Amino acid sequence: MPLSGIQIYKLLPKTNCKDCGLPTCLAFAMKLAAKQIELAACPHVKADAKAQLADAAEPPVRLITLKTGGAGAREVKSGNETVLFRHEKSFINKPGMFLRVRDDDPIASIQAKVAAAEAYTVRYVGIDLTLDGFAVQATAPFDPARFANVVSAVRASSKRPLILIARDVAVMTAGLRAIDGESPLIHGADASNWEAMAGLAKQHHAPLVACADSLDGLADLTGKLKAKGIDDLVLDPVSRQLGAALTRQTQIRRLALKKDFRPLGYPIIAFPGDATDPTQEAVQAAQAITKYAGFIVLERFAPEMIYPLLVLRENIYTDPQKPIQVLPGLYEINNPKPTDPVLVTTNFSITYFSVANEVEGAGLPAWLLIVDAEGMSVLTGWAAGKFDAERIAKAVKESGIANKVTKHRLVVPGHVAVLSGELEEELPTWEIRVGPREAVDLPAFMKQAL
Amino acid sequence: MPPQVEIPKDSWSGSVTTVTLGATAAEGGTRSHTVTVGGHKSLPFMHFEQKMSHRPVVALEIKDHRPEDWSPLLLELWGQAANDPASWAKAAEQAGAELLVLSLSQTGSDGNPTTPETAVAAVQSVLKASGLPLLVFAPGQAELDNTLLVPVAEATRGERLVLGICEDKNYRTIVATAMANDHLISTRTPMDVNLAKQLNILVRDMGIPTDRILMDPTTGALGYGIEYGYSVMERLRLAALQGDGNTQSPMIVTPGAEAWKAKEAKIGHDVPASWGDWKERAINWETLTAVALIESGADIVVLRHPESLRRVRAAIDELMI
């Protein structure tokens with residue numbers, strides 16, 4: 001049972017030493033009860049109290065980390081989530097996205113797939129997005145040597161974290177031996193093989209996936225594995241159908257967060273690549289991102305699917321309290337001259353990058369004036385009174401742009417055409433022009449109208 | 001014996017209003033059937049708590065004349081059908097649309113402002129061509145919208161069309177004509193829970209029954225602020241279930257229009273190779289935007305591409321099991 005803040009407080013040193021960074025032991029106790037701080041932050045807690053507090057200190061969804069070493073190494077963290085809805089606080093650790101290869105495919109095509117995915121990177125709002133790792137699946141008829149061979153081949157092409165998928169113990173043993181010294185995610189333990197898989201997980205210090213197609217079965221399995229000393233677990237609720245997956249993943253997250261139900265307090269792994277209709281792989285993966293998966297295993301390496309999924313993951317895991325912003329001010333695009341146009345927009349990062357990328361990509365020189373709209377987009381900022389004539393005029397004056405350009409002509413976004421009149425009053429020496437509503441139409445507008 | 005896991009079930013005091021679009025001949029209209037949305041007593045697809053009453057439905061958007069600013073992918077796909085609203089309506093129905101959204105342009109193909117006469121003619125030709133319930137969205141310029149929607153509402157009395165878009169500037173005229181002519185309305189506010197509630201209060205103050213109100217909380221496309229629309233819709237739906245009467249209208253959103261504005265869907269040339277195949281990327285952009293919003297509470301999603309419609313409907317089929 002979770003302890004209340006007061007119960008925790010009674011177990012603390014009560015010295016108010018502030019070493020944890022909080023003003024009092026009571027404040028620390030409250031944070032610990034709310035699972036917003038780690039017990040380790042208190043250096044003075046006694047060993048016997050520590051044992052009692054261990055339970056309260058555990059996050060409701062256990063943090064699982066997959067890590068590799070050496071050049072090109074990566075780390076994937078999953079778990080530690082505290083909310084059901086992102087607006088309540090924020091989702092924390094983005095689900096790891098893995099690409100699956102199968103050991104019955106020709107080695108050359110496996111290597112080609114891994115190489116393409118390894119090299120893949122796509123830029124979104126100034127961030128380079130990539131996949132996180134690879135999953136190697138053993139296929140029937142099972143062959144330990146073949147599996148080991150494919151695991152080695154994947155490891156030779158990529159240093160990113162791996163998931164090994166085989167229920168056959170001999171096959172898994174061979175796969176783990178092929179990358180001895182590493183701790184990949186082992187998929188997985190089920191009702192029949194769990195003792196042997198627990199042995200392998202222990203031997204390799206590797207996290208283990210528990211697979212069962214009911215919550216009762218899952219809870220039973222994680223209980224047994226935990227009793228064997230396996231703490232790092234991941235759940236596979238084996239629901240490959242969209243509705244069943246949504247139901248189970250919601251139930252698991254609710255049980256972990258609302259009931260503090262420890263047997264299901266682990267990240268979930270999802271397999272959109274198992275969709276029977278290949279066009280539904282993207283849909284299943286999207287649901288996995290929004291609805292609580294911690295690891296996502298994809299089948300196809302298709303940039304036209306990977307890119308939107310990586311973007312969705314960025315969007316959903318954005319902290320709602322902190323909209324991604326860029327610094328307000330004057331940005332120079334393609335070395336503008338004093339005769340080049342001045343474009344104005346807000347400091348919401350998606351807005352900024354949409355505009356900057358269009359203009360930059362079209363090779364057109366321009367001065368981009370970013371107004372402090374408190375991180376809101378054009379329409380939202382306008383509706384909230386954060387992107388109005390006054391703020392725009394203020395930005396124009398503070399930026400000193402008037403001294404940098406000879407042509408005092410300001411292009412405002414089409415969505416705020418209504419501001420032109422007021423702007424003409426605020427900036428009497430400037431010509432106010434109404435640009436297109438969407439950034440994508442800017443290059444054409446600049447070529448034709450400016 | 002495995003432990004018996006006790007599944008936590010939410011129970012809610014509030015529910016989403018049930019709204020029926022369209023009217024058949026027996027009901028005073030000419031639609032071949034009606035479409036009902038809303039009625040939910042739990043979060044989307046949580047059938048283990050309460051079987052979801054009415055499934056989310058997928059509408060296709062058509063225009064009163066060929067929209068030259070649409071993505072070439074869409075124009076090529078609809079081909080000749082997009083040249084007039086009647087043939088477009090037929091093609092959209094054939095493609096599997098459950099509802100039609102006719103969005104009126106600000107100007108006609110000749111460049112002059114759309115007139116009430118052409119708007120009425122377009123609406124009537126669509127009603128004649130397809131038996132699906134219809135939503136008519138004006139261009140979004142308060143004054144022009146009023147001059148177009150009032151004659152449309154009068155000419156189609158009793159059809160239970162959805163008239164849009166009611167914003168804080170122009171809701172009075174649209175609500176009044178909807179009430180006078182037996183139609184429904186759709187409100188729109190820019191991605192904000194409180195603005196949505198305020199507008200709902202204003203339109204209800206005029207006396208329009210709640211079973212004639214849809215609300216569009218607005219969304220951004222994937223990559224362009226979808227997380228705002230997504231969270232606003234989750235919050236509105238939670239508020240509705242908690243019993244806040246100003247958030248209980250079924251929600252309609254336009255992921256099609258939003259996604260196809262995004263460069264990722266609209267444009268095929270001069271884009272990074274890491275974006276992949278254009279057509280498939282565009283369909284993914286629209287589909288993923290729509291699916292995410294359906295799971296956050298959308299009752300009607302308005303799309304533009306039939307393949308996205310097929311994929312979204314397939315997803316809803318699976319979610320309804």
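Note that the structure is predicted; figures quoted are calculated from it, not measured. Convention: sequence-line order gives letters A, B, ...; per-chain numbering from 1.
- Annotation: maximal heavy-atom pairing with chain A below 4.5 Å, among B:V271, B:I7, B:D69, occurs at B:I7.
- Contacts of A:V440 with chain B are made by side-chain atoms alone, with heavy-atom separations under 4.5 Å and no backbone atom involved.
- Note on ring orientation: taking the six-membered ring where Trp is involved, the planes of A:F348 and B:Y228 are perpendicular (angle over 60°, cut-offs 30° and 60°).
- With a 4.5 angstrom heavy-atom cutoff, A:A383 touches chain B only via side-chain atoms.
- Chosen from B:L222, B:V291, B:T287, the residue pairing most often with chain A at heavy-atom distances under 4.5 Å is B:L222.
- Looking at B:K9, only its backbone comes within 4.5 Å of chain A, counting heavy atoms on both sides.
- Using a cut-off of 4.0 Å between Lys/Arg side-chain N and Asp/Glu carboxylate O, A:K291 and B:E234 are scored as salt-bridged.
- The parts of A:F85 that come within reach of chain B are both its backbone and its side chain, each placing non-hydrogen atoms under 4.5 angstrom from that chain.
- Here A:R254 pairs with B:D10 in a salt bridge; the nearest charged N to carboxylate O distance falls below 4.0 Å.
- The part of B:L238 that comes within reach of chain A is its side chain, from C-beta onward, which places non-hydrogen atoms under 4.5 angstrom from that chain.
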Next on the checklist: Please determine whether side chain to side chain contact (heavy atoms under 4.5 Å, CB included) holds for the pair A:T279 and B:R310, giving the CA-CA distance in whole Å, both sets of side-chain angles, and the decisive distance to 0.1 Å.
Outcome noted: CA-CA 10 Å; A:T279 65; B:R310 188 192 69 76; 3.1 Å; yes
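- Taking CD of A:E314 as the start and CD1 of B:I226 as the end, the distance is 14.0 Å to the nearest 0.5 Å.
- Rounded to the nearest 0.5 Å, atoms CZ (A:R123) and CH2 (B:W275) are 13.0 Å apart.
- Across B:R235, B:M191, B:E227, B:R281, the residue that shares the most heavy-atom pairs under 4.5 angstrom with chain A is B:E227.
- The contact between B:Y224 and chain A is made by backbone and side chain atoms together, counting heavy-atom distances below 4.5 Å.
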Item to check | Working for side chain to side chain contact (heavy atoms under 4.5 Å, CB included), residues A:L246 and B:E295 | outcome: CA-CA 9 Å; A:L246 176 66; B:E295 295 200 348; 4.1 Å; yes
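- In this structure, A:L242 CG and B:D317 CG are separated by 10.5 Å, a value rounded to the nearest 0.5 Å.
- B:I283 does not touch chain A: none of its heavy atoms, backbone or side chain, sits under 4.5 Å away.
- Here the CD-CZ distance, from A:Q251 to B:F48, works out to 4.5 Å after rounding to the nearest 0.5 Å.
- Annotation: residues 254-263 of chain B contacts chain A through B:K261, B:K263 [non-hydrogen atoms, separation under 4.5 Å].
- With contacts defined as side-chain heavy-atom distances shorter than 4.5 Å, the pair A:R86/B:Y230 qualifies.
- Chain A forms the most heavy-atom pairs under 4.5 Å with one residue out of B:G225, B:P8, B:P190, and that residue is B:P8.
- For B:E143, the CD atom is loosely surrounded, since the number of other residues' heavy atoms within 6.0 Å does not exceed 12.
- The number of heavy atoms from other shown groups lying within 6.0 Å of NZ (B:K41) does not exceed 12.
- Contact check on A:R300 versus B:E280 returns no salt bridge, with no Lys/Arg side-chain nitrogen under 4.0 Å from an Asp/Glu carboxylate oxygen.
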Item to check | CA sep, side-chain torsions, deciding dist, call: A:Q284, B:E318, side chain to side chain contact (heavy atoms under 4.5 Å, CB included) | outcome: CA-CA 11 Å; A:Q284 291 210 4; B:E318 272 198 43; 4.1 Å; yes
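- Heavy atoms of B:D277 lying under 4.5 Å from chain A belong to its backbone as well as its side chain.
- Of residues 349-360 of chain A, those residues with a non-hydrogen atom less than 4.5 Å from any non-hydrogen atom of chain B are, in numerical order, A:I350, A:S354, A:E358.
- Comparing A:L218, A:T250, A:L379, A:T380 by how many heavy-atom pairs each has under 4.5 Å with chain B, the most go to A:T250.
- Interatomic distance, OG1 of A:T247 versus NE2 of B:H47, reported as 6.5 Å (0.5 Å rounding).
- Interface residue A:Q280: only side-chain heavy atoms are found under 4.5 Å from chain B.
- Within the 4.5 Å cutoff, the side chain of A:Q287 has heavy atoms near those of the B:L319 side chain.
- The line from OG of B:S231 to CD of A:E88 is 10.0 Å long, rounded to the nearest 0.5 Å.
- Heavy atoms of A:T290 lying under 4.5 Å from chain B belong to its backbone as well as its side chain.
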Next on the checklist: For A:Y307 and B:E264: C-alpha separation, side-chain torsions, deciding distance, then whether side chain to side chain contact (heavy atoms under 4.5 Å, CB included) applies.
Outcome noted: CA-CA 10 Å; A:Y307 173 40; B:E264 281 83 350; 2.5 Å; yes
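- Counting only distance, with no hydrogens or angles, the side chain of A:N315 and the backbone of B:G223 share a donor-acceptor pair below 3.5 Å.
- Contact annotation for B:I267: only side-chain heavy atoms (C-beta onward) come within less than 4.5 Å of a heavy atom of chain A.
- Both the backbone and the side chain of A:Q241 have a heavy atom closer than 4.5 Å to some heavy atom of chain B.
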